[in-house]
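Residue numbers start from 1 in every chain, and the chains themselves are labelled A, B, ... in the order their sequence lines are given, proteins ahead of strands.
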Amino acid sequence: MPELPEVETIRRVLEHEVPGVRIDRVSGRSINMRRPLAIEKLAPLLTGASFLTLRRRAKYLLFDFDRPGSLLVHLGMSGRIQLVDEMAPLADHTHMILTLSDGRQLRFVDPRRFGLIDWLAPGGEDTDASLARLGIEPLDPGLVSILPPLLHERRSPIKSLLLDQRVVAGIGNIYAAEALWRAGIHPRRAANRTSLARLGRLAQSVQDVLKEAVDRGGTTLRDFSKPDGEMGFFAQQLAVYGRQGEECGRCGSAIRSEVIGGRTTAWCPECQR
DNA sequence: CCAGTATCCTGCAGGC
DNA sequence: TGCCTGCAGGATACTG
(Lines give C-alpha, C1' and ligand atoms only; values in the text may rest on other atoms or scores of the structure.)
Protein backbone atom coordinates (compact mmCIF):
# COMPACT_ATOMS: atom_id res chain seq x y z
CA MET A 1 0.00 0.00 0.00
CA PRO A 2 2.46 2.48 -1.18
CA GLU A 3 2.57 6.21 -0.92
CA LEU A 4 5.44 8.33 -2.13
CA PRO A 5 7.81 7.55 0.77
CA GLU A 6 7.31 3.82 0.27
CA VAL A 7 7.91 4.12 -3.46
CA GLU A 8 11.04 6.16 -2.82
CA THR A 9 12.25 3.54 -0.34
CA ILE A 10 11.73 0.80 -2.90
CA ARG A 11 13.63 2.89 -5.42
CA ARG A 12 16.58 3.26 -3.06
CA VAL A 13 16.68 -0.42 -2.19
CA LEU A 14 16.55 -1.49 -5.81
CA GLU A 15 19.08 1.11 -6.86
CA HIS A 16 21.41 -0.48 -4.32
CA GLU A 17 20.64 -4.02 -5.44
CA VAL A 18 20.12 -4.32 -9.18
CA PRO A 19 22.35 -2.06 -11.30
CA GLY A 20 24.58 -4.25 -13.44
CA VAL A 21 22.30 -7.25 -12.99
CA ARG A 22 20.91 -8.75 -16.21
CA ILE A 23 17.39 -9.98 -16.91
CA ASP A 24 17.64 -13.55 -18.19
CA ARG A 25 13.96 -14.38 -18.46
CA VAL A 26 10.57 -12.65 -18.30
CA SER A 27 7.53 -14.61 -17.25
CA GLY A 28 3.98 -13.98 -16.14
CA ARG A 29 0.55 -13.87 -17.60
CA SER A 30 -1.03 -11.03 -19.52
CA ILE A 31 -3.87 -9.61 -17.47
CA ASN A 32 -5.93 -6.48 -17.08
CA MET A 33 -4.39 -3.96 -14.74
CA ARG A 34 -4.84 -0.18 -14.88
CA ARG A 35 -3.47 -0.71 -18.35
CA PRO A 36 -3.39 -4.16 -19.93
CA LEU A 37 -0.24 -5.98 -18.88
CA ALA A 38 1.26 -7.51 -22.05
CA ILE A 39 3.98 -9.99 -21.06
CA GLU A 40 4.59 -11.02 -24.67
CA LYS A 41 5.26 -7.40 -25.55
CA LEU A 42 7.53 -6.76 -22.55
CA ALA A 43 9.54 -9.99 -22.80
CA PRO A 44 11.59 -9.15 -25.91
CA LEU A 45 12.16 -5.60 -24.67
CA LEU A 46 13.46 -6.71 -21.27
CA THR A 47 15.18 -10.03 -21.90
CA GLY A 48 18.95 -9.59 -21.90
CA ALA A 49 18.79 -6.03 -20.59
CA SER A 50 20.93 -5.00 -17.63
CA PHE A 51 19.64 -2.56 -15.02
CA LEU A 52 21.28 0.85 -14.96
CA THR A 53 19.37 3.36 -12.85
CA LEU A 54 16.06 3.76 -11.07
CA ARG A 55 14.02 6.90 -11.10
CA ARG A 56 10.83 8.01 -9.37
CA ARG A 57 8.22 10.46 -10.63
CA ALA A 58 5.32 10.95 -8.17
CA LYS A 59 4.41 7.36 -7.25
CA TYR A 60 5.75 5.93 -10.50
CA LEU A 61 9.00 3.98 -10.73
CA LEU A 62 11.06 4.10 -13.92
CA PHE A 63 13.66 1.39 -14.53
CA ASP A 64 16.42 2.30 -16.99
CA PHE A 65 18.58 -0.27 -18.77
CA ASP A 66 21.61 -0.54 -21.00
CA ARG A 67 19.27 -0.04 -23.93
CA PRO A 68 16.82 2.69 -24.92
CA GLY A 69 13.44 2.91 -23.21
CA SER A 70 12.28 2.38 -19.61
CA LEU A 71 10.02 0.12 -17.61
CA LEU A 72 7.20 2.09 -15.97
CA VAL A 73 5.70 0.69 -12.77
CA HIS A 74 2.95 1.96 -10.49
CA LEU A 75 1.92 -0.04 -7.44
CA GLY A 76 -1.65 1.22 -7.13
CA MET A 77 -3.31 0.38 -3.83
CA SER A 78 -2.06 -3.13 -3.28
CA GLY A 79 1.09 -3.52 -5.36
CA ARG A 80 4.36 -4.94 -3.99
CA ILE A 81 7.76 -5.59 -5.46
CA GLN A 82 9.74 -8.57 -4.19
CA LEU A 83 13.42 -9.23 -4.74
CA VAL A 84 13.83 -12.87 -3.77
CA ASP A 85 15.70 -16.07 -4.51
CA GLU A 86 14.19 -17.77 -7.54
CA MET A 87 13.23 -20.75 -5.38
CA ALA A 88 11.15 -18.61 -2.99
CA PRO A 89 7.46 -19.57 -2.87
CA LEU A 90 5.28 -17.64 -5.27
CA ALA A 91 2.81 -15.17 -3.78
CA ASP A 92 -0.76 -15.03 -5.06
CA HIS A 93 -1.32 -12.41 -7.74
CA THR A 94 2.28 -12.37 -8.93
CA HIS A 95 1.77 -10.87 -12.38
CA MET A 96 5.30 -10.54 -13.71
CA ILE A 97 8.59 -12.24 -12.82
CA LEU A 98 12.00 -11.07 -13.99
CA THR A 99 14.57 -13.83 -13.47
CA LEU A 100 17.95 -12.21 -12.91
CA SER A 101 21.50 -13.24 -13.72
CA ASP A 102 22.38 -13.46 -10.00
CA GLY A 103 19.84 -16.20 -9.20
CA ARG A 104 17.23 -13.85 -7.83
CA GLN A 105 13.87 -12.76 -9.17
CA LEU A 106 12.19 -9.39 -9.24
CA ARG A 107 8.48 -10.07 -8.79
CA PHE A 108 5.55 -7.73 -9.25
CA VAL A 109 2.57 -8.64 -7.07
CA ASP A 110 -0.73 -6.74 -7.09
CA PRO A 111 -3.99 -8.38 -5.91
CA ARG A 112 -6.28 -5.48 -6.76
CA ARG A 113 -4.59 -4.76 -10.08
CA PHE A 114 -4.95 -0.99 -9.75
CA GLY A 115 -1.25 -0.84 -10.50
CA LEU A 116 0.48 -0.55 -13.84
CA ILE A 117 3.41 -2.15 -15.65
CA ASP A 118 4.22 -0.73 -19.07
CA TRP A 119 7.07 -0.01 -21.43
CA LEU A 120 8.11 3.56 -22.14
CA ALA A 121 9.80 4.15 -25.46
CA PRO A 122 12.64 6.71 -25.38
CA GLY A 123 11.19 10.10 -24.50
CA GLY A 124 8.07 8.46 -23.10
CA GLU A 125 8.38 10.44 -19.87
CA ASP A 126 7.12 13.46 -21.77
CA THR A 127 4.45 11.80 -23.87
CA ASP A 128 2.99 9.06 -21.69
CA ALA A 129 -0.66 9.85 -20.97
CA SER A 130 -0.27 9.45 -17.20
CA LEU A 131 3.14 11.02 -16.72
CA ALA A 132 2.60 14.02 -18.98
CA ARG A 133 -0.18 15.54 -16.91
CA LEU A 134 1.40 15.12 -13.50
CA GLY A 135 1.71 18.29 -11.44
CA ILE A 136 4.65 19.48 -9.38
CA GLU A 137 6.73 16.98 -7.46
CA PRO A 138 5.93 17.41 -3.75
CA LEU A 139 9.60 17.30 -2.75
CA ASP A 140 10.50 19.96 -5.34
CA PRO A 141 12.43 22.74 -3.59
CA GLY A 142 10.07 25.26 -5.21
CA LEU A 143 6.90 23.72 -3.79
CA VAL A 144 6.39 26.30 -1.04
CA SER A 145 6.34 29.16 -3.55
CA ILE A 146 4.60 27.34 -6.41
CA LEU A 147 1.78 25.47 -4.71
CA PRO A 148 -0.04 28.24 -2.74
CA PRO A 149 -1.09 30.35 -5.75
CA LEU A 150 -2.20 27.21 -7.62
CA LEU A 151 -4.43 26.16 -4.73
CA HIS A 152 -5.68 29.66 -4.05
CA GLU A 153 -7.73 29.87 -7.26
CA ARG A 154 -9.63 26.63 -6.65
CA ARG A 155 -12.86 26.11 -4.71
CA SER A 156 -12.56 22.44 -3.87
CA PRO A 157 -11.90 21.18 -0.38
CA ILE A 158 -8.17 21.59 0.18
CA LYS A 159 -7.82 17.86 0.90
CA SER A 160 -9.19 16.94 -2.53
CA LEU A 161 -6.68 19.20 -4.24
CA LEU A 162 -3.76 17.67 -2.35
CA LEU A 163 -4.84 14.33 -3.80
CA ASP A 164 -5.26 15.68 -7.34
CA GLN A 165 -2.19 14.42 -9.22
CA ARG A 166 -2.52 17.20 -11.81
CA VAL A 167 -1.92 19.79 -9.11
CA VAL A 168 0.75 18.11 -7.01
CA ALA A 169 1.79 14.59 -7.91
CA GLY A 170 2.55 12.00 -5.28
CA ILE A 171 0.61 12.88 -2.12
CA GLY A 172 -1.72 10.10 -1.00
CA ASN A 173 -4.55 9.83 1.48
CA ILE A 174 -2.32 9.29 4.52
CA TYR A 175 0.06 12.17 4.01
CA ALA A 176 -2.65 14.58 2.85
CA ALA A 177 -4.36 14.10 6.22
CA GLU A 178 -1.09 14.34 8.14
CA ALA A 179 0.07 17.50 6.36
CA LEU A 180 -3.28 19.23 6.99
CA TRP A 181 -3.07 18.38 10.69
CA ARG A 182 0.43 19.80 10.91
CA ALA A 183 -0.64 22.99 9.14
CA GLY A 184 -3.79 23.33 11.28
CA ILE A 185 -6.12 23.44 8.27
CA HIS A 186 -9.52 21.74 8.13
CA PRO A 187 -9.53 19.24 5.26
CA ARG A 188 -12.91 20.45 3.98
CA ARG A 189 -11.89 24.11 3.90
CA ALA A 190 -12.22 25.57 0.41
CA ALA A 191 -8.75 26.30 -0.94
CA ASN A 192 -9.74 29.78 -2.14
CA ARG A 193 -10.89 30.62 1.37
CA THR A 194 -7.49 29.84 2.82
CA SER A 195 -4.87 32.59 3.03
CA LEU A 196 -1.72 32.32 0.94
CA ALA A 197 0.28 32.33 4.15
CA ARG A 198 -1.58 29.29 5.45
CA LEU A 199 -1.25 27.57 2.08
CA GLY A 200 2.47 28.20 2.32
CA ARG A 201 2.56 26.54 5.72
CA LEU A 202 0.62 23.63 4.23
CA ALA A 203 3.17 23.21 1.43
CA GLN A 204 5.93 23.24 4.03
CA SER A 205 4.06 20.63 6.08
CA VAL A 206 3.70 18.43 3.00
CA GLN A 207 7.44 18.50 2.51
CA ASP A 208 8.21 17.97 6.19
CA VAL A 209 5.95 14.96 6.61
CA LEU A 210 7.10 13.32 3.38
CA LYS A 211 10.77 13.89 4.14
CA GLU A 212 10.40 12.44 7.62
CA ALA A 213 8.67 9.39 6.21
CA VAL A 214 11.35 8.95 3.56
CA ASP A 215 14.01 9.19 6.28
CA ARG A 216 12.21 6.55 8.31
CA GLY A 217 12.11 4.33 5.25
CA GLY A 218 15.81 4.92 4.89
CA THR A 219 16.26 3.75 8.45
CA THR A 220 14.35 0.55 7.78
CA LEU A 221 16.50 0.14 4.71
CA ARG A 222 19.56 -0.51 6.85
CA ASP A 223 18.11 -3.72 8.26
CA PHE A 224 16.61 -4.67 4.95
CA SER A 225 17.12 -8.38 5.28
CA LYS A 226 13.61 -9.69 5.66
CA PRO A 227 13.58 -13.23 4.29
CA ASP A 228 10.62 -12.69 1.99
CA GLY A 229 12.21 -9.68 0.32
CA GLU A 230 9.12 -7.55 0.81
CA MET A 231 9.78 -3.91 0.25
CA GLY A 232 8.32 -0.60 1.12
CA PHE A 233 6.55 -1.09 4.41
CA PHE A 234 7.70 0.51 7.61
CA ALA A 235 6.22 1.59 10.92
CA GLN A 236 4.65 4.99 10.65
CA GLN A 237 4.15 7.73 13.21
CA LEU A 238 0.77 9.15 12.32
CA ALA A 239 -1.10 11.95 14.08
CA VAL A 240 -4.60 11.59 12.60
CA TYR A 241 -4.74 9.01 9.80
CA GLY A 242 -6.58 5.91 11.03
CA ARG A 243 -6.88 7.36 14.55
CA GLN A 244 -10.51 8.50 14.57
CA GLY A 245 -11.91 8.41 18.10
CA GLU A 246 -8.46 8.66 19.65
CA GLU A 247 -7.11 11.77 21.33
CA CYS A 248 -5.28 14.39 19.31
CA GLY A 249 -1.64 14.40 20.43
CA ARG A 250 -1.60 18.18 20.50
CA CYS A 251 -4.86 19.15 22.22
CA GLY A 252 -6.49 15.94 23.42
CA SER A 253 -9.71 16.36 21.43
CA ALA A 254 -11.24 13.29 19.79
CA ILE A 255 -10.06 12.82 16.21
CA ARG A 256 -13.00 12.87 13.78
CA SER A 257 -13.42 11.26 10.40
CA GLU A 258 -15.70 11.77 7.41
CA VAL A 259 -15.64 11.05 3.70
CA ILE A 260 -14.33 14.03 1.74
CA GLY A 261 -14.12 13.77 -2.03
CA GLY A 262 -14.76 10.06 -1.80
CA ARG A 263 -11.91 9.35 0.60
CA THR A 264 -12.09 8.78 4.33
CA THR A 265 -10.44 11.73 6.03
CA ALA A 266 -9.42 12.13 9.66
CA TRP A 267 -8.77 15.45 11.40
CA CYS A 268 -8.72 17.17 14.77
CA PRO A 269 -11.79 19.44 15.12
CA GLU A 270 -9.93 21.65 17.59
CA CYS A 271 -6.53 22.08 15.90
CA GLN A 272 -7.76 22.26 12.31
CA ARG A 273 -9.95 25.16 11.13
C1' DC B 1 -12.71 24.48 -17.35
C1' DC B 2 -14.31 22.84 -12.78
C1' DA B 3 -16.27 19.90 -9.08
C1' DG B 4 -18.08 15.72 -7.66
C1' DT B 5 -19.22 10.75 -8.37
C1' DA B 6 -18.57 6.07 -10.22
C1' DT B 7 -15.53 2.50 -11.21
C1' DC B 8 -11.79 -0.91 -11.93
C1' DC B 9 -10.26 -5.45 -8.47
C1' DT B 10 -9.32 -8.60 -4.39
C1' DG B 11 -8.85 -9.24 0.59
C1' DC B 12 -10.16 -8.68 5.04
C1' DA B 13 -12.61 -7.31 9.31
C1' DG B 14 -16.83 -7.15 11.58
C1' DG B 15 -21.83 -8.10 12.23
C1' DC B 16 -25.25 -11.53 12.33
C1' DT C 1 -18.80 -22.05 10.50
C1' DG C 2 -20.49 -19.12 6.67
C1' DC C 3 -22.62 -15.25 4.42
C1' DC C 4 -22.99 -10.43 3.79
C1' DT C 5 -21.52 -5.61 3.89
C1' DG C 6 -18.34 -2.09 3.78
C1' DC C 7 -13.95 -0.48 3.41
C1' DA C 8 -8.93 -0.30 1.87
C1' DG C 9 -2.71 3.68 1.42
C1' DG C 10 -4.98 5.13 -6.38
C1' DA C 11 -6.14 7.15 -10.58
C1' DT C 12 -9.22 8.54 -14.00
C1' DA C 13 -13.56 8.40 -17.05
C1' DC C 14 -17.60 10.30 -16.83
C1' DT C 15 -21.54 13.50 -15.57
C1' DG C 16 -23.66 17.83 -14.74
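- In this structure, A/Glu178 does not pair ionically with A/Arg243, as no charged nitrogen and carboxylate oxygen lie closer than 4.0 Å.
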With the criterion being N/O to N/O and under 3.5 Å, what pairs connect the protein with nucleotides 2-4 of chain B, and how long is each?
| residue | atom | partner | partner atom | Å |
| --- | --- | --- | --- | --- |
| B/dA3 | OP1 | A/Arg155 | N | 2.7 |
| B/dA3 | OP2 | A/Arg154 | NE | 2.6 |
| B/dA3 | OP2 | A/Arg154 | NH2 | 2.9 |
| B/dA3 | O5' | A/Ser156 | OG | 3.4 |

Fill in the dot-bracket string of DNA chain C, one character per base: . for unpaired, | for a pair to another strand, ( ) or [ ] for pairs within the strand, taking Watson-Crick or G-U pairs under 3.5 Å. .|||||||.|||||||
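- Listed by chain and number, the hydrophobic cluster partners of A/Leu163 come to none, as no ILVMFWY side chain reaches under 4.5 Å of it.
- The distance from atom NZ of A/Lys59 to atom C1' of C/dT12 is 13 Å, rounded to the nearest whole Å.
- For C/dA11, one of the phosphate oxygens OP1 or OP2 lies less than 4.0 angstrom from a side-chain nitrogen or oxygen of A/His74.
- Residue A/Tyr175 has no polar side-chain atom (N or O) positioned under 4.0 Å from OP1 or OP2 of C/dG9.
- Of the P atoms belonging to C/dT12 and B/dG11, the separation is 24 Å, rounded to the nearest Å.
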For nucleotides 14-16 of chain C, which of its nitrogen or oxygen atoms have a protein nitrogen or oxygen under 3.5 Å away, and what is each distance?
none

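- Going from atom CG of A/Asp164 over to atom P of C/dA11 covers 11 Å, rounded to whole Å.
- When the C1' atom is compared between C/dG9 and B/dA3, the two are found 24 Å apart, to the nearest whole Å.
- Checking the phosphate oxygens (OP1, OP2) of C/dG9, a side-chain nitrogen or oxygen of A/Arg263 falls inside 4.0 Å.
- Whole-Å rounding puts the A/Glu6 CD to C/dG9 P distance at 12 Å.
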Listed pairs under 3.5 Å, donor-acceptor, residues 32-44 of chain A side chains, sequence neighbours left out:
| residue | atom | partner | partner atom | Å |
| --- | --- | --- | --- | --- |
| A/Arg34 | NH2 | A/Tyr60 | OH | 2.5 |
| A/Arg34 | NH2 | A/Ser130 | OG | 3.2 |
| A/Arg35 | NH1 | A/Asp118 | OD2 | 2.9 |
| A/Arg35 | NH1 | A/Asp128 | OD1 | 2.9 |
| A/Arg35 | NH2 | A/Asp128 | OD1 | 3.1 |
| A/Arg35 | NH2 | A/Asp128 | OD2 | 2.9 |
| A/Arg35 | NH2 | A/Ser130 | OG | 2.9 |
| A/Glu40 | OE1 | A/Ser30 | OG | 2.6 |
| A/Lys41 | NZ | A/Asp118 | OD1 | 3.2 |

Could you pull out the protein-nucleic contacts involving nucleotides 8-12 of chain B (nitrogen or oxygen on both sides, under 3.5 Å)?
| residue | atom | partner | partner atom | Å |
| --- | --- | --- | --- | --- |
| B/dC9 | O3' | A/Arg113 | NH2 | 2.9 |
| B/dC9 | O2 | A/Arg112 | NE | 3.0 |
| B/dT10 | OP1 | A/Arg113 | NH2 | 2.9 |
| B/dT10 | O4' | A/Pro111 | O | 3.4 |
| B/dT10 | O3' | A/His93 | NE2 | 2.9 |
| B/dG11 | OP1 | A/His93 | NE2 | 2.6 |

